[in-house]
Amino acid sequence: GAEEAYTVLAECFAEEVRLCESWGNSRPEEGSEHYLAYHIESVTGRGFIHGKLVGLCVLVVHLLQHLASGAKSEAKEGENGYARALVDCKGAARLASFYSQIGLECAPGSPGMPSVEELKKALHSMDSFLLVEKHLLPGYFHFFGAPNAALTEAVCAHVKILLGAR
């Protein structure tokens, strides 16, 4: 029942904390999606519900990683080329479907979420965020930098389609 589910959830959380303590930092639980989430909060000067914001950022970073893993080399540079490659990202469609099934409203521009323009601003300025936050272990943005304007536009447009953003 519900009590058993809460017990399992608490045990998993405790194990995650032990893992991070043994690792010496939060890297086992935080990656590029968290870096982007923290930067969005920095850029906007606002706090957001952590799970919703990270859910959005998981999808954004997943799309960026999809292109970095080889789909980008098959796509012609520019917003339309990226858009065609992003449509082939089945993992992103599965994530969006999962979010819908569990009722996670994390589309940019939805209540309590950053706007699409705020998301774009954060993506464009990730390089400067990493210069300040030197303690963060390497992730997507360390290796590939902030996405260019065409890539940012294509990813944000695809996120809007997947999540039904306003």
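- With sequence neighbours left out, the salt bridge (charged side-chain N to carboxylate O under 4.0 Å, His left out) criterion links E41 to no other residue.
- Summarising the geometry of S128 relative to S125, their closest heavy-atom pair is OG-O, 2.8 Å, with the distance given to 0.1 Å.
- Here the shortest heavy-atom pairing between L151 and P147 reads CD2-CB, 3.7 Å.
- Atoms CG and OG, from L162 and S100 in turn, are 11.5 Å apart once rounded to the nearest 0.5 Å.
- One N or O on the side chain of T152 and one on the backbone of N148 form a donor-acceptor pair closer than 3.5 Å.
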Side chain to side chain contact (heavy atoms under 4.5 Å, CB included) between C156 and V60, worked out: CA-CA 8 Å; C156 289; V60 170; over 6 Å; no
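- F143 and M126 fall within a single hydrophobic cluster, where Ile, Leu, Val, Met, Phe, Trp and Tyr side chains are chained together by heavy-atom contacts under 4.5 Å.
- Residues L131 and I40 do not share a hydrophobic cluster, clusters being chains of Ile/Leu/Val/Met/Phe/Trp/Tyr side chains in contact below 4.5 Å.
- The hydrophobic cluster containing V87 does not contain V155, counting ILVMFWY residues as joined when their side-chain heavy atoms lie under 4.5 angstrom apart, directly or transitively.
- Salt-bridge formation is detected for the pair K120/E117: a Lys NZ or Arg NE/NH1/NH2 atom is positioned less than 4.0 Å from an Asp or Glu carboxylate oxygen.
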Going by atom type alone, with no hydrogens or angles, which donor-acceptor pairs under 3.5 Å involve a side-chain atom of residues 52-59 and a protein atom two or more places apart or on another chain?
residue	atom	partner	partner atom	Å
K52	NZ	E105	O	3.4
K52	NZ	P111	O	3.3

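- Using modelled atom types, no side-chain atom of H66 and backbone atom of K90 make a donor-acceptor pair closer than 3.5 Å.
- Interatomic distance, CG of L64 versus SG of C89, reported as 10.0 Å (0.5 Å rounding).
- With rounding to the nearest 0.5 Å, the separation of CG in L67 from NE2 in H62 is 10.0 Å.
- Put simply, the side chain of L36 reaches to within 4.5 Å of the side chain of F141, judged on heavy atoms.
- Residues K121 and E118 are not paired through a salt bridge, judged by the lack of any N-O separation under 4.0 Å between the basic side chain and the carboxylate.
- Put simply, CZ on F144 and CD on Q65 are 8.5 Å apart, with the number rounded to the nearest 0.5 Å.
- Considering all non-hydrogen atoms of both residues, P114 and F48 come closest at N-CE2, 3.4 Å.
- Between S115 and P108, the shortest heavy-atom contact is C-CB, 4.1 Å.
- Using a distance-only test at 3.5 Å, with no hydrogens or angles considered, no donor-acceptor pair links the side chain of S32 to the main chain of G139.
- Without hydrogens or angle criteria, S97 side chain to A93 main chain gives no donor-acceptor distance under 3.5 Å.
- Hydrophobic clustering of Ile, Leu, Val, Met, Phe, Trp and Tyr side chains at less than 4.5 Å, counting indirect connections, keeps V43 apart from L130.
- The CG atom of L104 lies 10.0 Å from the CG atom of L95; values are rounded to the nearest 0.5 Å.
- Using a distance-only test at 3.5 Å, with no hydrogens or angles considered, a donor-acceptor pair links the side chain of D127 to the main chain of A146.
- One finds the CZ atom of R46 at 10.0 Å from the CE atom of M113 (value rounded to the nearest 0.5 Å).
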Salt bridge (charged side-chain N to carboxylate O under 4.0 Å, His left out) between E21 and R18, intermediate numbers included: CA-CA 5 Å; E21 287 176 348; R18 283 191 290 276; over 6 Å; no
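- In this pair, Y35 and H142 present their aromatic rings perpendicular. The plane angle is above 60°, beyond the 30 to 60° band.
- Residues in residues 101-129 take part in these ring pair (Phe, Tyr, Trp, His ring centres under 6.0 Å) pairs, two or more places apart or across chains: H39-F129.
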